[in-house]
Amino acid sequence: MKKQIEQLVWAALQRLAANGVIPQEAVSAPKIERTRDPKHGDFATNTAMMLAKPARKNPRELAQALLEALPASDLLERCDIAGPGFINFTLTTTAYHRLIPTILAKSHAYGRSDLGDGKRVQVEFVSANPTGPLHVGHGRGAAYGSVVADLLEAVGFNVHREYYVNDAGRQMDILATSIWLRYLELCDETLTFPANGYKGDYVWDIAATLHRDHGEAYKQSAEAVFDGIPADEPDGGDKEVHIDALINQAKRLLGDNRYRYVFELGLNTILDDIRDDLSLFGVNYDEWYSERSLTESGAVNKAIERLRASNRLYEKEGALWFRSTDFGDEKDRVVVRDNGQTTYFASDIAYHIDKLERGFDRVIDVWGADHHGYIPRVKAALQALGDDPSKLDVLLVQFAILYRGGEKVQMSTRSGRFVTLRALRKEVGADAARFFYVMRKCEQHMDFDLDLAKSESNDNPVYYVQYAHARICSVFQQAAEQRILFESDPKAVNYARLNESHEQSLLTSLAKYPEILETAALNEEPHQLTHYLRELANDFHTYYNAHKFLIDDAELRNARLHLILATRQVVRNGLNLLGVSAPGKM
RNA sequence: GUCCCAGUAGCUCAGUAGGAUAGAGCGUCUCCCUCCUAAGGAGAAAGUCGGGGGUUCGAAUCCUCUCUGGGACGCCA
């Protein structure tokens with residue numbers, strides 16, 4: 001509907017420009033918006049006020065000229081000039097009534113568009129290190145990223161969903177070593193577990209698998225393992241030095257093959273768990289991209305060589321630095337450490353080059369807000385290599401801070417004290433969790449009150465929206481049970497009978513849906529959709545309380561039933577995009 | 001110290017590519033089930049949009065200064 005008005009105003013502007021009323025160069029796409037107050041009609045534009053200055057005319061006069069140039073349309077009931085020069089458009093009720101059969105015909109496709117023109121967009125999200133189960137912080141990125149991806153797809157982008165698997169690097173070595181030490185404990189060895197090791201129960205589980213499958217084939221005495229290892233932090237040492245020494249010891253004592261086996265066992269077990277967890281959360285990927293593959297394919301070295309060739313690298317204190325300050329970063333960054341190992345940043349450069357080489361028109365990274373300092377250096381690297389950094393958009397998701405009993409819940413993967421996404425899902429359900437997560441703008445800090453989320457109270461807006469859907473289903477259930485006749489052809493219904501104000505506001509809300517999808521998708525703001533659904537549900541519940549649908553007047557009954565059928569379709573479409581179920585019964 | 005985010009009703013938050021009288025939910029206070037699910041609805045009270053300047057026909061929205069809170073600033077990943 002909005003688009004149609006836009007086209008009308010655009011045509012009028014062209015006509016005025018052709019007649020020399022306004023300068024051609026001042027003409028731009030008119031801004032049409034929904035009015036807040038129904039007294040102002042359905043849509044309004046401030047175009048006349050915007051053009052008043054370049055046209056050297058009084059805004060109201062210009063508005064009048066614009067109205068006279070407006071092509072005729074059966075969409076419009078009337079157009080008025082109001083206030084300082086607004087033009088208000090009031091649509092005919094038939095325009096709204098026509099919406100019902102349109103929605104029912106389009107069904108699940110109602111609201112979708114081809115705005116994105118099939119452009120290829122990659123959305124990378126979650127990408128948590130596979131060193132432990134996902135926790136509730138990852139959950140927000142998962143819900144947000146997947147809804148953004150779905151929204152973009154709904155407005156016509158070709159979307160590729162990707163998880164970057166950090167399957168190389170020191171954290172993974174720490175995990176492998178932690179598993180092995182727990183395994184030794186299962187072999188009745190007595191040892192002091194390192195302060196910096198992974199202490200979660202899942203580490204015990206993986207160690208138990210190793211013990212069950214291989215008995216004591218991986219056993220070494222605790223004395224041998226800790227021989228010559230510098231002190232841990234509680235004993236006055238450095239925990240980082242301590243754990244690094246233990247990693248080296250594990251590699252030496254186990255040998256390459258056996259160490260690799262433990263490492264892979266840990267990686268695969270946890271990755272499987274993450275895959276399973278996300279899939280049960282309604283989050284699915286097109287690709288799981290391995291960090292290690294970048295090293296193995298030589299992509300990391302190639303990226304470093306390219307930087308070297310473009311003269312952006314220098315050596316200092318034994319390390320190799322990238323001069324990111326040339327591109328606005330605060331300080332230069334290391335790509336190869338003094339011990340010869342490439343940094344995580346080096347892999348990330350290679351990864352982002354690879355993303356652009358794969359031909360995406362746009363690349364979206366969903367990161368935790370703690371990574372914000374990381375953006376300039378990645379963009380700097382892309383720029384240094386002649387890529388277009390504006391193709392990369394990084395969306396930062398603020399942490400969800402958990403509260404339990406009014407107290408902040410401390411989280412740390414390493415210590416094993418965290419609330420997993422899996423636990424949250426089991427407690428509050430995937431529907432409520434997803435809805436909650438995307439209810440807030442991503443850059444907004446979020447207080448996630450576990451007690452509130454756990455209590456299945458009616459405070460939870462997801463129930464409110466789902467209830468609207470279930471209620472409509474229930475009406476049709478009743479109609480069937482009472483053998484009430486229902487005209488099955490939406491085109492054979494007399495919608496002119498819908499003249500209650502409740503019906504009008506419900507129709508207005510239904511008409512807004514495509515507009516909401518568009519702005520929610522283009523601004524990467526899923527919360528707009530959750531708010532919209534709440535309003536739509538509110539319109540329906542109000543209507544439900546004010547009027548009865550299963551009435552004797554067959555003509556009116558059919559009109560009303562089709563209206564709520566269309567409403568159900570839109571509620572269902574919206575919930576579906578959020579990855580939330582639309583139950584037929586509650 | 002530098003950077004990022006936030007500050008709107010008692011609480012949690014929408015609204016910000018400038019638009020008409022700033023909106024919801026929760027909480028509080030009144031009402032509504034012989035009626036398609038009361039997990040609902042109707043109504044009321046509640047605001048110096050952190051503060052000061054500026055830009056203009058018009059500012060919660062843009063600029064500037066300032067106050068307050070949260071976070072980030074490794075040859076970690």
Side-chain angles (χ1 to χ4, degrees), chain A residues 31 33 35-37 39-40 44-46 49-50 52-53 58-59 82-86 88 127-129 131 166 168-174 196 240 291 316-321 330-331 333-345 347-348 368-376 396 398-399 401 439-447 449 452 456-468 470-479 481-482 484 502 523 525 527-528 530-532 534-535 537-538 540-551 557 560-561 564 585-586:
Chain A
K31 188 176 160 191
E33 33 184 41
T35 57
R36 270 190 217 166
D37 188 337
K39 271 181 272 175
H40 297 137
T45 183
N46 60 356
M49 289 186 285
M50 301 291 282
K53 216 167 234 177
N58 173 307
F86 289 103
N88 294 335
S127 300
N129 283 348
T131 52
N166 300 120
R170 181 163 168 268
Q171 293 305 319
M172 288 306 298
D173 282 321
I174 295 177
N196 213 19
E240 306 290 349
E291 178 190 359
K316 192 178 90 183
E317 293 160 10
L320 197 59
W321 297 70
E330 285 177 0
K331 53 179 284 194
R333 310 290 172 178
V334 171
V335 288
V336 183
R337 290 201 268 161
D338 57 4
N339 64 8
Q341 282 186 349
T342 56
T343 58
Y344 180 84
F345 177 44
S347 301
D348 234 20
D370 54 330
H371 285 62
H372 86 260
Y374 210 76
I375 301 171
L396 296 177
Q398 292 286 340
F399 289 137
I401 301 162
M439 238 167 34
R440 300 276 125 84
K441 282 185 294 193
C442 70
E443 71 265 28
Q444 181 78 252
H445 296 271
M446 185 168 83
D447 294 337
D449 188 330
L452 183 73
E456 289 191 18
S457 71
N458 29 347
D459 306 347
N460 201 332
V462 68
Y463 291 130
Y464 186 84
V465 177
Q466 286 179 320
Y467 184 40
R471 258 187 163 172
I472 297 171
C473 292
S474 170
V475 170
F476 284 93
Q477 179 75 29
Q478 284 288 326
E481 279 168 18
Q482 295 173 30
I484 291 171
H502 292 103
N523 299 316
E525 290 180 342
H527 74 274
Q528 293 204 21
T530 63
H531 281 96
Y532 166 79
R534 223 219 150 265
E535 277 167 33
N538 182 40
F540 170 72
H541 288 309
T542 306
Y543 182 37
Y544 180 95
N545 270 271
H547 301 285
K548 217 164 169 325
F549 311 131
L550 301 176
I551 46 179
R557 183 178 70 224
R560 287 185 172 169
L561 287 177
I564 65 170
K585 212 175 156 184
M586 287 174 78

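We name chains A, B, ... by the order of the sequence lines, and we start the count at 1 in each one. Given the structure is predicted, the values throughout are model-derived calculations rather than measurements.
Using a 4.0 Å heavy-atom distance criterion, Arg333(A) is classed as making no nucleic acid contact. Across all strands, Asn339(A) comes closer than 4.0 Å to no nucleic acid atom at all (heavy-atom distances). Among the protein residues, Ala44(A) comes within range of the nucleic acid bases, having at least one heavy atom under 4.0 Å from a base atom. Base engagement by His547(A) is indicated by at least one non-hydrogen atom pair under 4.0 Å involving a base atom. Looking at heavy-atom distances under 4.0 Å, Asn46(A) makes contact with a base.
No side-chain heavy atom of Glu525(A) sits under 4.5 Å from any side-chain heavy atom of His531(A). Side-chain contact between Asp370(A) and Leu396(A) is absent, with no heavy atoms from C-beta onward closer than 4.5 Å. The side-chain heavy atoms of Tyr544(A) and Ile564(A), taken from C-beta on, include no pair separated by under 4.5 Å. With contacts defined as side-chain heavy-atom distances shorter than 4.5 Å, the pair Glu240(A)/Asn196(A) qualifies. Contact check for Gln528(A) versus Asn523(A): side-chain heavy atoms found under the 4.5 Å cut-off.
Remark: A44(B) base-pairs with U28(B); criterion is Watson-Crick or G-U wobble with both hydrogen-bond distances under 3.5 Å. For G19(B), the paired base is C57(B) (Watson-Crick or G-U wobble, both distances below 3.5 Å). With both pairing distances under 3.5 Å, C3(B) is matched to G71(B) as a Watson-Crick or G-U wobble pair.
Side-chain atoms of His531(A) lie closest to A14(B) of the nucleotides G25(B), A14(B), G41(B). Of the listed nucleotides (C76(B), G41(B), C36(B)), C36(B) has the atom at the smallest distance from the side chain of Phe549(A). Nearest to the side-chain atoms of Tyr463(A) among the listed nucleotides A14(B), A39(B), A38(B) stands A39(B). The side chain of Leu550(A) has C36(B) as its nearest neighbour among C76(B), C75(B), C36(B). Considering only the side chain of His371(A), A77(B) comes nearest among A77(B), A72(B), U12(B). In this structure, of C36(B), C76(B), A42(B), it is A42(B) that holds the atom nearest to the side chain of Thr542(A). In this structure, the nucleotide among C13(B), C36(B), A77(B) sitting nearest to the side chain of Thr343(A) is A77(B). The listed nucleotides are A20(B), A77(B), C75(B); the one nearest the side chain of His40(A) is A20(B). Taking every side-chain heavy atom of Met49(A) into account, G19(B) is the closest of G19(B), C75(B), G15(B). The side chain of Glu525(A) has G15(B) as its nearest neighbour among G15(B), G40(B), A77(B).
With rounding to whole Å, Tyr374(A) atom OH is found 12 Å from C73(B) atom P. Atoms CD (Glu535(A)) and C1' (G25(B)) sit 12 Å apart, rounded to a whole Å. Met586(A) has its CE atom 9 Å from the P atom of G40(B), to the nearest Å. Atom NZ in Lys31(A) sits roughly 7 Å away from atom C1' in G18(B) (whole-Å rounding). One atom, OH of Tyr464(A), and another, P of A39(B), lie 13 Å apart when rounded to the nearest Å. With rounding to whole Å, Asn88(A) atom CG is found 11 Å from G19(B) atom C1'.
If you take atom P in G23(B) and the same atom in A9(B), they sit 14 Å apart, rounded to whole Å. Taking atom C1' in both U48(B) and C4(B), the straight-line distance is 29 Å, to the nearest Å.
For Arg337(A) (side chain) and Val335(A) (main-chain N/O), no donor-acceptor pair under 3.5 Å exists by modelled atom type.
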Give each protein N/O atom lying under 3.5 Å from an N/O atom of nucleotides 2-11 of chain B, with the pair distance.
| unit_1 | atom_1 | unit_2 | atom_2 | d |
| --- | --- | --- | --- | --- |
| C5(B) | O2' | Glu443(A) | O | 2.8 |

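Under the rule for a ring pair (Phe, Tyr, Trp, His ring centres under 6.0 Å), the partners of Tyr532(A) that lie at least two apart in sequence or sit in another chain are Tyr513(A). The ring pair (Phe, Tyr, Trp, His ring centres under 6.0 Å) test applied to Tyr543(A) returns His547(A), Phe549(A), not counting sequence neighbours.
Taking for each of Phe345(A) and Lys585(A) the nucleotide of RNA chain B with the nearest heavy atom, the 5'-most of the two is the partner of Lys585(A). When the nearest nucleotides of RNA chain B are assigned to Met50(A) and Val336(A) by heavy-atom distance, the more 5′-ward of the two goes with Met50(A).
At least one side-chain nitrogen or oxygen of Lys331(A) sits closer than 4.0 Å to the OP1 or OP2 atom of C75(B). Neither OP1 nor OP2 of C57(B) sits under 4.0 Å from any side-chain N or O of Asn58(A).
Under the stacking definition used here (centres under 5.5 Å, planes under 30°), the residue Phe86(A) qualifies as stacked on the base of A20(B).
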Go through the steps to decide whether Ser347(A) and Glu291(A) satisfy the test side-chain hydrogen bond (donor to acceptor under 3.5 Å, both in side chains), and finish with yes or no.
-> CA-CA 7 Å; Ser347(A) 301; Glu291(A) 178 190 359; 3.2 Å; yes
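Judged by distance alone with a 3.5 Å cut-off, a donor-acceptor contact links the side chain of Asn545(A) to the base of G40(B). Between the base of A17(B) and the side chain of Asn523(A) there is no donor-acceptor pair shorter than 3.5 Å. Below the 3.5 angstrom threshold, one finds a donor paired with an acceptor across the side chain of Glu317(A) and the base of C75(B).
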